[in-house]
Amino acid sequence: MTIRLHDTSARKIRDFVPLTPGCVSIYLCGATVQAAPHIGHIRSGLNFDIMRRWFTYRGYEVTFVRNVTDIDDKIIKKAAEQGRPWWSIGYENERAFNDGYTALGCLPPTYEPRATGHVTEMVEMMRGLIERGHAYEADGNVYFDVRSFPGYLELSNQDLDELRQPSGDGETGKRDPRDFAMWKAVKPGEPSWETPWGRGRPGWHLECSAMAHKYLGTAFDIHGGGIDLIFPHHENEIAQAKAFGDEFAKYWVHNSWVTMSGEKMSKSLGNSVLVSEMVKDWRPIVLRYYLGTPHYRSTIEYSEEALRDAESAFARIEGFVQRVVEKAGGVVAPADEVPPAFAEAMDDDLGVPQALAIIHTTVRQGNSALAADDKEAAVARLAEVRAMLGVLGLDPLDPHWAGETDRGEDLHGAVDTLVRLVLEQRESARARKDWATADAIRDQLGQSGLVIEDSPTGPRWTLGPR
């Protein structure tokens with residue numbers, strides 16, 4: 001068994017070999033909490049949640065760090081616009097992100113450090129970099145000297161002579177315009193912390209280098225994030241950490257975007273779809289299926305039609321689960337192991353689409369067993385399906401999703417009573433061979449959003465896709 005991952009730094013898929021046998025350390029760039037999350041933000045956390053679950057299934061002990069950037073230019077700008085304290089903006093949106101992660105079934109990280117809680121570690125890193133000749137102070141700012149680090153831009157594969165480094169207001173005194181800020185001098189009305197170079201606040205890139213060092217040490221296995229972070233953020237993290245003396249990340253794994261009309265989903269484009277609003281119209285388990293089942297390196301083009309397709313596909317899986325549970329007369333435990341073909345797909349760079357095909361094939365086999373009244377085979381297929389869905393965080397019988405399947409027990413009970421009365425009328429029509437009336441009743445129920453299935457034990461109903 002060998003897990004293989006696409007390593008951005010190597011630009012190819014590599015065998016995963018952990019630094020410590022049996023253990024995996026992962027650092028994921030988490031939320032910058034200037035606003036509530038849209039589904040593009042949550043996709044990254046969900047993709048790496050699936051990675052974490054698969055490593056755990058394969059027997060690894062996983063340490064998963066996902067940071068919170070609770071101080072940066074965008075947060076300060078929002079605070080000024082809204083006339084609120086910067087920390088109020090950050091905390092409110094941090095809660096919104098955590099609500100989104102939880103709603104979509106992401107496991108909590110092992111550690112979730114905030115940037116503002118690690119200024120001491122940042123100062124220590126800057127001091128070390130200045131002593132080693134990789135950084136310098138100017139006008140209260142501290143800059144990293146990119147020409148002092150020969151490996152700079154290897155991750156993003158750029159030419160230093162062609163580089164245009166993003167710069168913020170007040171970044172004066174640079175020796176080279178391509179140098180980047182690790183620490184920004186204080187401005188009137190902005191939050192600041194005391195350092196040997198004067199009061200100021202951290203730069204975005206420094207935060208992650210310092211927190212990864214604190215929680216995962218000088219070397220760790222996997223650094224993750226969205227493809228938009230490759231430059232400048234991850235490139236600058238590498239420069240700081242390695243110039244400081246850390247080996248830093250062994251593998252770099254990046255997920256792709258959620259787009260709308262071909263453009264990255266973002267606040268600035270005004271095309272974001274907030275998670276808090278999406279879960280009002282779509283079941284969270286369906287949103288997880290929609291965002292988590294494409295390959296993590298493929299772009300998802302958002303549309304309601306695609307979401308409806310995902311809802312229909314998951315309904316087929318969920319319907320099979322419910323039918324077998326009814327047939328078995330109780331919950332069927334997941335199998336101890338997933339099918340070999342599923343494991344092979346997941347081992348190959350987290351091939352969720354291929355793994356999902358195995359799930360649907362197994363569901364079809366299970367439905368055939370139900371049609372043949374082969375209870376034993378149907379139960380065996382359900383055990384396999386539950387094991388596979390569990391790895392993807394999509395098992396509808398998992399306690400996390402309790403109450404979701406039926407969309408409210410009280411409502412389900414009331415609808416069930418009414419539908420059964422109508423179905424009795426349909427059965428009476430069928431008994432007297434009044435097929436027109438029977439078909440009309442079925443069609444009317446279908447127009448109401450219900451799917452009627454005739455089984456050996458009688459008709460049953462489920463909610464159909466919207």
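- No side-chain N or O of His38 forms a donor-acceptor pair with one of Tyr302 less than 3.5 Å apart.
- Ion pairing between a basic and an acidic side chain is recognised when a charged N comes within 4.0 Å of a carboxylate O; Lys174 and Asp179 show no such pairing.
- Between Ala313 and Tyr289 the shortest heavy-atom distance is CB-OH, 3.4 Å.
- No hydrogens or angles considered: nothing links the side chains of Thr32 and Asp72 as a donor-acceptor pair under 3.5 Å.
- Side-chain polar atoms of Thr259 and Glu301 form a donor-acceptor pair below 3.5 angstrom.
- The side-chain tip of Arg132 points at the ring of Phe244 from less than 6.0 angstrom away and within 45° of straight on.
- The aromatic rings of Phe97 and His41 are tilted relative to each other, their planes meeting at an angle between 30° and 60°.
- Taking the centre of each ring, His213 and Phe220 stay at or above the 6.0 Å mark.
- Side chain to side chain, Tyr101 and Asp99 fail the donor-acceptor criterion of an N or O pair below 3.5 Å.
- Side-chain polar atoms of Arg53 and Thr56 form no donor-acceptor pair below 3.5 angstrom.
- Counting all heavy atoms, side chain and backbone alike, Pro396 lies closest to Glu318 at CB-OE2, 3.9 Å.
- Judged by distance alone, with hydrogens and angles left aside, the side-chain atoms of Arg288 form a donor-acceptor pair with the main-chain N or O of Gly105 at under 3.5 Å.
- Scanning both residues, Asn67 and Cys29, for their nearest heavy atoms gives OD1-CA, 3.3 Å.
- A distance below 6.0 Å separates the ring centres of His234 and His254.
- Proximity of Leu394 to Thr293: side-chain heavy atoms (C-beta onward) are separated by under 4.5 Å at one or more points.
- In the model, Tyr296 has a side-chain atom that pairs as donor or acceptor with a side-chain atom of Asp349 under 3.5 Å.
- Separation of atoms OG (Ser209) and CH2 (Trp204) is listed at 11.5 Å; rounding is to 0.5 Å.
- With sequence neighbours excluded, no residue forms a salt bridge (Lys or Arg N to Asp or Glu O under 4.0 Å) with Asp145.
- Asn367 and Arg323 share a side-chain donor-acceptor pair at under 3.5 Å.
- A donor-acceptor pair shorter than 3.5 Å cannot be found between the side chains of Ser303 and Glu305.
- What you find for Leu153 and Asp159 is that their closest heavy atoms are CD1-C, 3.9 Å.
- The aromatic rings of Phe248 and His223 sit tilted, their planes meeting at an angle between 30° and 60°.
- Glu92 and Arg84 are joined by a salt bridge, as a carboxylate oxygen and a charged side-chain nitrogen come within less than 4.0 angstrom of each other.
- Ion pairing of Glu81 with Lys78 is absent here, as no side-chain N (NZ or NE/NH1/NH2) approaches a carboxylate O to less than 4.0 Å.
- Of the candidates Val65, Ile26, Thr63, Val62, Thr110 forms a side chain to side chain contact (heavy atoms under 4.5 Å, CB included) with just one, namely Thr63.
- Counting non-hydrogen atoms of other residues, nucleotides and ligands closer than 6.0 Å to CZ of Phe231 gives a total above 12.
- Across every non-hydrogen atom of Ala378 and Val324, the tightest pair is O-CG1, 3.8 Å.
- In this pair, Tyr136 and Tyr143 present their aromatic rings tilted. The plane angle is within the 30 to 60° band.
- Shown are Thr195, Ile130, Leu129; of these, the side chain to side chain contact (heavy atoms under 4.5 Å, CB included) with Val142 is made only by Ile130.
- With a 4.5 Å cut-off on side-chain heavy atoms, His118 and Tyr215 count as touching.
- Asn141 and Trp197 are not linked by any side-chain donor-acceptor pair at a separation below 3.5 angstrom, with hydrogens and angles left out of the test.
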Please tabulate, for side-chain N and O atoms in residues 13-22, each donor-acceptor pair with protein atoms closer than 3.5 Å (sequence neighbours left out).
{"residue": "Arg14", "atom": "NH1", "partner": "Asp7", "partner atom": "OD2", "Å": "2.6"}
{"residue": "Arg14", "atom": "NH1", "partner": "Lys250", "partner atom": "O", "Å": "3.3"}
{"residue": "Asp15", "atom": "OD1", "partner": "Arg4", "partner atom": "NH1", "Å": "2.7"}

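- At a cut-off of 3.5 Å, with distance as the only test, a side-chain donor of Ser256 or Thr299 sits close to an acceptor on the other residue.
- Checked by atom type, the side-chain pair Tyr152/Asn236 shows a donor-acceptor distance below 3.5 Å.
- Taking each heavy atom of Thr362 and Val385 in turn, the nearest pair found is CG2-CG2, 3.7 Å.
- Under the 4.0 Å criterion applied to side-chain N and carboxylate O atoms, Arg127 and Glu131 are not assigned as salt-bridge partners.
- Under the 4.0 Å criterion applied to side-chain N and carboxylate O atoms, Lys184 and Glu190 are not assigned as salt-bridge partners.
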